[in-house]
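All of these numbers come straight from a predicted model, not from anything done at the bench. Side chains included, hydrogens not; waters and symmetry mates left out as well; all remaining heavy atoms used.
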Amino acid sequence: MRSSGMLLAGILCALGGSQALAENPKLETTADLVEFCDTIGPVGEVRDGQNFCDGFIAGSGLLYLELVRAGRMKKIACAEPIPTLEQAREAFVAWAGANPDQMSTKPIDGLWRAMAETYPCPK
């Protein structure tokens with residue numbers, strides 16, 4: 001468990017998170033991910049955590065695409081074209097605001113529930 005915390009801290013540093021953020025990362029729930037992703041602030045300002053959020057979205061998105069391509073999972077979100085990181089982040093934060101009952105779920109579950117609802121696959 002300790003090594004995964006050190007890995008997360010290293011990723012945070014590499015992605016440009018603040019020193020305090022890198023020393024005390026907490027990513028256990030969807031609410032924690034929202035804190036990293038919620039970028040409300042002056043126009044053009046990158047808040048601490050936004051780079052981590054973008055990395056989380058990009059990494060989980062690439063894993064999802066590879067699992068779908070390999071036939072290991074079915075599609076749950078079908079965006080064409082694939083949204084930008086900013087669009088995905090904004091969609092996730094908006095979904096979180098509309099679904100407060102989901103804030104205690106795992107971050108990956110919250111992100112993909114948001115993407116599945118925002119970019120549903122045709123039936």
Side-chain angles (χ1 to χ4, degrees):
M1 195 54 115
R2 182 171 182 198
S3 63
S4 65
M6 290 174 62
L7 176 62
L8 181 59
I11 291 169
L12 289 171
C13 288
L15 292 172
S18 73
Q19 185 65 26
L21 183 62
E23 290 173 3
N24 300 305
K26 180 183 176 212
L27 186 60
E28 297 172 3
T29 66
T30 295
D32 294 335
L33 184 58
V34 170
E35 292 225 7
F36 287 110
C37 295
D38 189 359
T39 59
I40 297 171
V43 174
E45 175 187 299
V46 176
R47 292 188 53 208
D48 289 344
Q50 180 179 330
N51 290 329
F52 176 79
C53 174
D54 288 352
F56 186 93
I57 291 170
S60 64
L62 289 171
L63 176 61
Y64 165 76
L65 288 174
E66 290 304 315
L67 288 171
V68 168
R69 285 184 188 137
R72 305 298 286 176
M73 72 178 290
K74 66 178 187 164
K75 284 186 174 186
I76 59 170
C78 297
E80 288 294 331
I82 294 173
T84 65
L85 287 173
E86 182 177 0
Q87 290 168 330
R89 183 177 359 96
E90 289 173 356
F92 170 66
V93 171
W95 173 88
N99 293 278
D101 59 317
Q102 297 293 314
M103 294 304 99
S104 63
T105 63
K106 292 180 182 178
I108 192 78
D109 293 338
L111 175 65
W112 284 102
R113 286 178 183 151
M115 296 301 102
E117 286 184 29
T118 304
Y119 306 106
C121 294
K123 296 191 181 208

Student: Between atom CD of Glu80 and atom SG of Cys121, what is the distance when rounded to the nearest 0.5 Å?
Tutor: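 Rounded to the nearest 0.5 Å, the CD-SG separation comes out at 10.0 Å.
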Student: Does the side chain of Ile82 come within less than 4.5 Å of Leu65's, by heavy atoms?
Tutor: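 Side chain of Leu65 against side chain of Ile82, heavy atoms only: contact under 4.5 Å found.
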Student: Compare all side-chain heavy atoms of Phe36 with those of Phe56 and state whether any distance is below 4.5 angstrom.
Tutor: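 No, every pair of side-chain atoms sits at 4.5 Å or beyond.
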Student: If you look at every heavy atom in Pro83 and Ala88, which pair is closest and at what distance?
Tutor: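 Of all heavy-atom pairs spanning Pro83 and Ala88, the closest is CB-N, 4.3 Å.
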Student: Between atom CG of Leu62 and atom CD1 of Ile57, what is the distance when rounded to the nearest 0.5 Å?
Tutor: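 The CG atom of Leu62 sits 12.0 Å away from the CD1 atom of Ile57.
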Student: Can you tell me how far apart CG (Leu67) and NZ (Lys74) are? Round to the nearest 0.5 Å.
Tutor: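 Here the rounded value is 14.5 Å.
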Student: Is any side-chain heavy atom of Thr105 closer than 4.5 Å to one of Arg113?
Tutor: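 In short, these two side chains touch, coming nearer than 4.5 Å.
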Student: Taking all atoms of both residues into account, what is the closest heavy-atom pair of Gly110 and Trp95, and its distance?
Tutor: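 The pair with the smallest heavy-atom distance is O-CZ3, 3.5 Å.
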Student: Quick check: closest heavy atoms across Gly61 and Trp112, and the distance to 0.1 Å?
Tutor: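 For Gly61 and Trp112, the tightest heavy-atom pair comes out as CA-CZ2, 3.8 Å.
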Student: Look at the side chain of Thr29 and the backbone N and O of Lys106, then say whether any donor-acceptor pair between them is shorter than 3.5 Å.
Tutor: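 Not a single qualifying donor-acceptor pair exists.
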Student: Once rounded to the nearest 0.5 Å, what's the spacing between atom CD of Glu35 and atom CG of Asp32?
Tutor: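 Here the rounded value is 6.5 Å.
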Student: Can you check whether Ala77's main-chain N or O pairs, donor with acceptor, with Tyr64's side chain at less than 3.5 Å?
Tutor: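 Checking the backbone N and O of Ala77 against the side chain of Tyr64, a donor-acceptor pair under 3.5 Å is found.
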Student: Is Arg89 salt-bridged to Glu86, cutoff N-O under 4.0 Å?
Tutor: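 Judged by the 4.0 Å cut-off on N to carboxylate O distance, Arg89 and Glu86 do not form a salt bridge.
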Student: Checking Phe92 against Thr118 for the side-chain contact (heavy atoms from CB on, under 4.5 Å) test, could you report, in this order, the C-alpha distance in whole Å, the side-chain angles of both residues, the deciding distance, and whether it holds?
Tutor: CA-CA 8 Å; Phe92 170 66; Thr118 304; over 6 Å; no
Student: Quick check: do Asp109 and Leu111 have side-chain heavy atoms less than 4.5 Å from each other?
Tutor: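 Side-chain contact under 4.5 Å: no.
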